[in-house]
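Shown next, in structure tokens, is the structure this report addresses.
Atom set for the values below is all heavy atoms of this structure, side chains included, hydrogens, waters and symmetry mates excluded. Computed from a predicted model, the values in this text were never measured in an experiment. So that the names make sense, note that chain A is the first sequence line, chain B the second, and so on, each numbered from 1.
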Number of protein chains: 2
Amino acid sequence: MPLFLSTTTNRVDRKGRVSVPVAFRSSLPASGYQGIIAYASFKHACLHGADLGFMEQLSDSIHGDFGLYSDENEALANAILGSARQLSFDPEGRINLSKDLMDHAGITSEATFVGLGKTFQIWEPAAYEAHRLVQLALAKTKAGELGPIIRRGD
Amino acid sequence: MPLFLSTTTNRVDRKGRVSVPVAFRSSLPASGYQGIIAYASFKHACLHGADLGFMEQLSDSIHGDFGLYSDENEALANAILGSARQLSFDPEGRINLSKDLMDHAGITSEATFVGLGKTFQIWEPAAYEAHRLVQLALAKTKAGELGPIIRRGD
DNA sequence: CATATTTGCCCATGATATCCCATAGTGTCC
DNA sequence: GGACACTATGGGATATCATGGGCAAATATG
């Protein structure tokens with residue numbers, strides 16, 4: 001299970017290529033699929049990134065044990081799995097962002113990768129900075145809950 | 001599980017390298033990841049340090065079973081995991097503080113490592129001294145509660 | 001079928017980080 | 001008290017990363 005940490009901003013060249021930060025690449029299994037999965041967030045103007053294993057788990061959760069799913073789950077499947085793209089690394093560790101993904105996040109010449117543990121996000125830098133400040137304020141008000149969260153993991 | 005104790009101030013050279021105190025290094029598992037994780041505190045102008053296992057637990061707690069998390073947890077993931085960096089030891093036991101981490105803590109030429117048990121903090125020395133005095137005063141007013149705290153830990 | 005357009009691979013480059021060695025100060029052990 | 005071990009620190013050499021351009025195969029377009 002990968003652990004995506006840190007925030008990095010990289011350039012998107014005219015071909016739509018972006019280097020995935022090494023910190024993220026080295027967190028992926030060396031012997032698995034050499035690439036990532038990206039899908040449009042339906043909550044923010046950003047992309048969600050994950051490894052293949054995570055998406056398989058997600059697919060399992062949505063479908064349930066018998067492949068019969070509710071309307072809500074079908075909606076989830078459409079929103080997430082439908083917009084998901086499998087993005088392979090080129091020999092230099094870059095991915096090619098497709099036009100629809102870039103449009104959804106408003107990405108043009110730069111992309112910010114934000115590690116969130118098991119997943120990460122890809123943002124247009126200015127949009128992320130605004131989002132980050134909001135999230136930071138929210139985190140401060142919830143700081144008191146950090147203790148319980150950690151203890152739960154023990 | 002590491003136990004970080006004591007306070008040490010070390011020099012930051014012009015490349016941004018700092019020696020992690022031996023007391024901290026030897027507390028880490030010899031056969032695990034050779035390095036630490038550091039992230040920006042959203043409460044103080046300092047950095048938090050922890051070992052990899054601690055961050056994995058934190059990531060698990062924040063994500064829950066599914067990977068779709070609450071707004072509060074997403075905010076925490078942004079503030080903590082987004083600012084976290086995996087800092088490997090060089091052969092001499094030093095880490096490389098990235099520019100944004102140094103900026104957050106106001107660190108320039110020296111860094112103070114403060115052991116807090118399972119985690120530790122990294123401060124700009126003068127800022128820590130000021131913080132320490134405040135904490136000390138606070139501790140005195142709470143002295144009556146120390147007994148119960150110790151008993152609880154037994 | 002000829003011609004654009006994309007897609008992926010290979011190489012070159014500058015910036016950065018990593019490794020390796022050298023030194024000085026400190027404490028430890030005979 | 002003197003030799004030794006180890007930590008902290010600094011500098012120079014080397015490897016790695018992010019980035020851009022060019023080329024060729026695959027695909028689309030007329």
Side-chain angles (χ1 to χ4, degrees), chain A residues 2 4-28 30 33-38 47 49 85-103 107-115 120 122-125 128, chain B residues 2 4-28 30 33-38 47 49 52 84-103 107-115 120 122-125 128:
Chain A
F4 300 110
L5 299 174
S6 87
T7 299
T8 315
T9 298
N10 284 341
R11 282 193 63 76
V12 179
D13 69 18
R14 75 182 74 171
K15 292 181 180 180
R17 297 179 297 187
V18 216
S19 286
V20 175
V22 241
F24 287 18
R25 266 182 279 153
S26 56
S27 157
L28 295 168
Y33 166 62
Q34 285 311 95
I36 58 157
I37 316 292
L47 309 177
R85 297 267 178 312
Q86 209 162 334
L87 306 175
S88 304
F89 295 141
D90 74 3
E92 282 75 38
R94 289 175 288 198
I95 54 173
N96 223 314
L97 290 178
S98 64
K99 192 170 181 314
D100 53 342
L101 288 181
M102 288 180 69
D103 284 349
I107 294 171
T108 55
S109 67
E110 288 193 316
T112 299
F113 291 77
V114 184
F120 59 92
I122 308 176
W123 287 80
E124 192 282 320
Y128 175 64
Chain B
F4 302 110
L5 298 173
S6 84
T7 300
T8 315
T9 298
N10 284 340
R11 279 194 64 77
V12 179
D13 69 19
R14 77 181 73 172
K15 292 181 179 180
R17 296 179 298 188
V18 217
S19 287
V20 174
V22 239
F24 287 18
R25 266 183 278 153
S26 56
S27 156
L28 294 168
Y33 167 62
Q34 285 311 96
I36 59 155
I37 316 291
L47 309 177
L52 192 55
R85 264 148 228 284
Q86 210 162 334
L87 306 175
S88 305
F89 296 140
D90 73 5
E92 282 75 39
R94 288 175 289 197
I95 55 173
N96 219 317
L97 289 179
S98 63
K99 192 173 179 312
D100 54 342
L101 287 181
M102 289 179 67
D103 284 350
I107 294 172
T108 54
S109 66
E110 287 192 318
T112 300
F113 291 77
V114 184
F120 59 93
I122 309 176
W123 288 81
E124 193 282 320
Y128 175 63

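Using the six-membered ring where Trp is involved, A:Tyr128 and A:Trp123 have ring planes that are tilted, between 30° and 60° apart. Between A:Phe24 and A:Phe113, the ring planes are perpendicular. Angles over 60° get that label, and only those under 30° would be called parallel.
Between the CZ atom of A:Arg94 and the C1' atom of C:dC11 there is a distance of 11 Å, rounded to whole Å. Between B:Gln34 atom CD and C:dC19 atom P there is a gap of 12 Å when expressed in whole angstrom units. The nearest whole Å value for the distance from the CD atom in B:Glu92 to the C1' atom in D:dG10 is 10 Å. Here the P atom of nucleotide C:dA17 and the NZ atom of B:Lys99 are 12 Å apart, to the nearest Å. Nucleotide D:dA18 holds its C1' atom 11 Å from the CZ atom of A:Arg11, rounded to whole Å. Protein atom CZ of A:Phe24 is 15 Å distant from nucleotide atom P of D:dC17, rounded to whole Å. Atom P of nucleotide D:dG20 and atom CG of A:Asn10 are separated by 10 Å, given to the nearest angstrom. Rounded to whole Å, atom C1' of C:dA24 lies 16 Å from atom CG of B:Asp13.
Residues from residues 107-115 of chain B placing a heavy atom under 4.0 Å of any atom in DNA chain C do not occur.
A distance of 12.5 Å separates CZ in B:Arg11 from CZ in B:Arg94, rounded to the nearest 0.5 Å. Interatomic distance, A:Ile122 CD1 to A:Ile36 CD1, rounded to the nearest 0.5 Å: 4.5 Å.
Here the nucleotide nearest the side chain of B:Val22, chosen from D:dG10, C:dC9, D:dT7, is D:dT7. Closest to the side chain of B:Asp90, from the set D:dT7, D:dT19, C:dC19, is C:dC19.
Note on B:Val18: nothing from the nucleic acid sits closer than 4.0 angstrom, heavy atoms only. Note on B:Val12: nothing from the nucleic acid sits closer than 4.0 angstrom, heavy atoms only.
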Filtered N/O pairs between nucleotides 22-26 of chain D and protein, under 3.5 Å:
unit_1 : atom_1 : unit_2  : atom_2 : d
D:dG22 : O6     : A:Lys15 : NZ     : 2.1

Run the side chain to side chain contact (heavy atoms under 4.5 Å, CB included) check on B:Leu52 and B:Gln86 step by step: do they pass?
-> CA-CA 8 Å; B:Leu52 192 55; B:Gln86 210 162 334; 4.1 Å; yes
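Between the side chain of B:Asn10 and the backbone N or O of B:Val18, no donor-acceptor pair lies under 3.5 Å. A donor-acceptor pair under 3.5 Å is formed between the side chain of B:Arg85 and the backbone N or O of A:Thr7.
A donor and an acceptor atom never sit less than 3.5 Å apart when one is taken from the side chain of B:Arg14 and the other from the base of D:dG11.
Where B:Ala23 and A:Gly93 each meet DNA chain D at their nearest nucleotide, the meeting point lying more 5' is that of B:Ala23. Comparing B:Asn96 and A:Asn96 along DNA chain C, the residue whose closest nucleotide (by nearest heavy atom) sits nearer the 5' end is A:Asn96.
Shown here for B:Thr112 and B:Pro125, the closest heavy-atom pair between the two residues is OG1-CA, 3.3 Å.
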